[in-house]
Amino acid sequence: MSLKKRGAMIILSSPSGAGKTTLVRLLSEKKNFFASVSHTTRAPRSNEKEGVDYFFIDKEGFQKLIEENEFLEFAKVFGNYYGTSKKNIINKLNEGQNVIFDIDWQGTEQIIKKKLDFKVVTIFILPPSKKVLKERLSNRDMKDKLIVEERMNQFDKDILHWKNYNYVVINDDLKNCFEKIVKILNSELNNKRSDYDKNSVENHIKKLV
Ligand code: ADP
Ligand code: 5GP
């Protein structure tokens, strides 16, 4: 019998700007946690680096990777394609590393449907309010008001998907949110459910939409 230790797939999704990328970066600093780097056809932001934040690729290149069946999942989000290459993550999981994914709800559904031989933990991140979300998006995408508007317009639709996730966490204070996620993962990686107050999340969502 193989005694190979296998890693877990940890998926973070949220409406744009709620803080997934920031949280994934913090988690990836933990021992044995590896952040999956996606491919995208979107243009890099001024602070983004090739191979660190994304593998930036044109539409033709992305299409070729789809045809070659290179993606574990892929989706069109805000008019651009985003996808997770199998190559980058399956080896890590087989080596026993936990892989963290910053992907949208469509990619999450595709991964769940695949019923792979790895544990999957899904976490949906919420902003404290729409006002704070807009401030965060505006600070990040300073030069482009249209991007902020496009992402705010999508908010009410994106947020509906929280129900399909194992856990929902509000990212108000970053440290506090990070600690909640670490607590969830510590339980889940020891095959225990963590507690999560669904009623207070439902109330928070009623206030948000
Ligand atoms: P997402 O990946 O969900 O789109 P980001 O991680 O890029 O969101 O965060 C959007 C912006 O908000 C970034 O500028 C980030 O530094 C900032 N941010 C994230 N979490 C917090 C927080 N808890 N408090 C204040 N600013 C935050
Ligand atoms: P951004 O342009 O802000 O980096 O990302 C936009 C959205 O695309 C976010 O919701 C992010 O989670 C999602 N995303 C990033 N990479 C992937 C991916 O590989 N697959 C899928 N399905 N979504 C992704």
Side-chain angles (χ1 to χ4, degrees), residues 9-28 34-57 61-62 65-66 70-89 99-114 120 122-144 146-155 157-162 164-165 168-181:
M9 303 174 88
I10 297 148
I11 302 180
L12 265 64
S13 300
S14 77
S16 183
K20 305 174 291 295
T21 310
T22 310
L23 289 159
V24 166
R25 203 166 297 145
L26 285 174
L27 282 170
S28 69
F34 171 85
S36 164
V37 180
S38 298
H39 284 71
T40 184
T41 60
R42 137 161 113 58
R45 294 185 186 124
S46 57
N47 62 336
E48 287 179 329
K49 290 195 183 73
E50 167 70 18
V52 176
D53 299 285
Y54 281 106
F55 296 105
F56 296 97
I57 185 173
F62 199 96
L65 291 177
I66 295 176
E70 283 290 325
F71 288 121
L72 177 67
E73 62 75 33
F74 68 91
K76 196 174 185 186
V77 191
F78 303 117
N80 290 301
Y81 288 93
Y82 295 81
T84 307
S85 156
K86 290 182 209 162
K87 220 187 292 182
N88 295 331
I89 56 129
V99 180
I100 323 156
F101 299 84
D102 167 349
I103 62 174
D104 83 328
W105 62 271
Q106 304 173 82
T108 307
E109 280 188 356
Q110 291 171 39
I111 289 181
I112 291 171
K113 262 196 203 134
K114 288 218 156 117
V120 180
T122 59
I123 305 177
F124 199 81
I125 310 294
L126 292 176
S129 67
K130 261 185 168 173
K131 184 171 168 279
V132 170
L133 182 72
K134 192 166 183 188
E135 282 165 10
R136 288 186 188 166
L137 282 170
S138 305
N139 286 338
R140 188 185 67 189
D141 300 308
M142 235 173 257
K143 274 179 268 149
D144 207 331
L146 275 180
I147 290 187
V148 175
E149 240 163 69
E150 181 188 38
R151 293 185 173 213
M152 285 304 293
N153 285 341
Q154 190 64 27
F155 176 82
K157 278 193 211 119
D158 278 347
I159 207 172
L160 297 175
H161 299 282
W162 72 274
N164 302 327
Y165 285 71
V168 181
V169 182
I170 300 166
N171 179 19
D172 192 349
D173 175 67
L174 183 63
K175 185 165 174 279
N176 188 272
C177 177
F178 177 65
E179 279 166 7
K180 279 190 184 154
I181 293 175

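One-based numbering, in listed order, for ligands and for the atoms of each. In this chain, residues are counted from 1 in sequence order.
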Worksheet item: Any idea which protein heavy atom is nearest atom 6 (C) of ligand 2, and the distance to it?
Response: Tyr82 OH, 3.5 Å
Worksheet item: Would you call the rings of His161 and Trp105 parallel, tilted or perpendicular, where under 30° means parallel and over 60° means perpendicular?
Response: parallel
Item to complete: Would you mind finding which of Arg151, Gln106, Glu73 brings a heavy atom closest to atom 20 (N) of ligand 2?
Response: Glu73
Worksheet item: Does any N/O atom on Phe78 come nearer than 3.5 Å to any N/O atom on ligand 2?
Response: no
Discussion item. Can you tell me if Asp172 contacts ligand 1 (heavy atom of the residue under 4.0 Å from the ligand)?
Written reply: yes
Worksheet item: Is there side-chain contact between Leu126 and Ser14, with heavy atoms separated by less than 4.5 Å?
Response: no
Worksheet item: Taking the non-hydrogen atoms of Tyr54, is any one of them nearer than 4.0 angstrom to ligand 2?
Response: yes
Discussion item. I need the nearest protein heavy-atom contact for atom 6 (O) of ligand 1: residue, atom name and distance, please.
Written reply: Thr22 OG1, 2.6 Å
Discussion item. Can you tell me which portion of His39 lies within the under-4.0 Å heavy-atom range of ligand 2? Options are side chain, backbone, both, or neither.
Written reply: neither
Worksheet item: What are the atoms of ligand 2, with element, lying closer than 4.0 Å to any heavy atom of Thr84?
Response: 19 (O)
Worksheet item: Do Phe101 and Ser38 touch side chain to side chain, with heavy atoms closer than 4.5 Å?
Response: no
Response to the item:
of all protein heavy atoms, closest to atom 8 (O) of ligand 1 is Gly19 N, 3.2 Å
Discussion item. Any heavy-atom pair between the side chains of Ile181 and Ile10 that's under 4.5 Å?
Written reply: no
Worksheet item: Do Glu73 and Gln106 touch side chain to side chain, with heavy atoms closer than 4.5 Å?
Response: no
Worksheet entry | Enumerated ligand 1 atoms positioned under 4.0 Å from heavy atoms of Ser14 | 3 (O)
Discussion item. Quick test of your reading of the model: are Glu48 and Arg42 salt-bridged, counting only N-O distances below 4.0 Å?
Written reply: yes
Worksheet item: Is the closest side-chain donor-acceptor distance between Thr21 and Asp102 under 3.5 Å?
Response: yes
Worksheet item: Mind checking whether Thr122 and Asn164 have side chains closer than 4.5 Å, heavy atoms only?
Response: no
Worksheet entry | Min side-chain heavy-atom separation Asn88-Val37 under 4.5 Å | no
Worksheet, complete the sentence: One finds that the ligand 1 atoms under 4.0 Å from a non-hydrogen atom of Ser16 are 4 (O)
Fill in: Protein residue, atom and distance nearest to atom 23 (N) of ligand 2, heavy-atom basis
Asp104 N, 3.1 Å
Fill in: Crowding at NZ, Lys87 (>12 non-hydrogen neighbours, <6.0 Å)
no
Worksheet item: Got more than 12 heavy atoms from elsewhere within 6.0 Å of OH, Tyr165?
Response: yes
Worksheet item: If you draw the axis of the six-membered ring of Phe78, does the NZ or CZ of Arg151 fall within 45° of it and under 6.0 Å from the ring centre?
Response: yes
Fill in: Enclosure of Lys134 NZ (heavy-atom neighbours >12, cutoff 6.0 Å)
no
Discussion item. I'd like to check which ligand 2 atoms, numbered from 1 as shown, lie under 4.0 Å from a non-hydrogen atom of Arg42.
Written reply: 1 (P), 2 (O), 4 (O)
Practice prompt. Starting from atom 12 (O) of ligand 2, find the nearest protein heavy-atom neighbour and note its residue, name and distance.
Written response: Asp102 OD1, 2.7 Å
Worksheet item: For ligand 2, does Val77 get within less than 4.0 Å through its side chain, its backbone, both, or neither, judged by non-hydrogen atoms?
Response: side chain
Worksheet item: Is Asn171 near ligand 1, meaning one of its heavy atoms is under 4.0 Å from it?
Response: yes
Worksheet item: What atoms in ligand 2 come closer than 4.0 Å to a heavy atom of Ala75?
Response: 22 (N)
Worksheet entry | atom 10 (C) of ligand 1 [closest protein heavy-atom partner, distance rounded to 0.1 Å] | Gly17 O, 3.5 Å
Worksheet item: Taking the minimum heavy-atom distance to atom 7 (O) of ligand 1, which of Arg140, Glu135, Arg45 ranks first?
Response: Arg140
Worksheet item: If you count the atoms of ligand 2 from 1 in the order shown, which ones are under 4.0 Å from a heavy atom of Gly107?
Response: 22 (N)
Item to complete: Using distance alone, determine whether Glu48 and ligand 2 share an N or O pair under 3.5 Å.
Response: no
Discussion item. Counting only heavy atoms closer than 4.0 Å, does ligand 2 sit against the backbone of Arg45, its side chain, both, or neither?
Written reply: side chain
Worksheet entry | Protein residue, atom and distance nearest to atom 19 (O) of ligand 2, heavy-atom basis | Ser38 OG, 2.7 Å
Practice prompt. List the closest protein heavy-atom neighbour of atom 2 (O) of ligand 1: residue, atom name, distance to the nearest 0.1 Å.
Written response: Thr21 OG1, 2.4 Å
Fill in: Electrostatic pair Arg25:Asp53 at N-O distance under 4.0 angstrom
yes
Response to the item:
heavy-atom search around atom 27 (C) of ligand 1 in the protein gives Arg136 NE, 3.6 Å
Discussion item. I'd like to know if the side chain of Ser13 pairs up with that of Thr108 as donor and acceptor (distance under 3.5 Å, no hydrogens or angles considered).
Written reply: yes
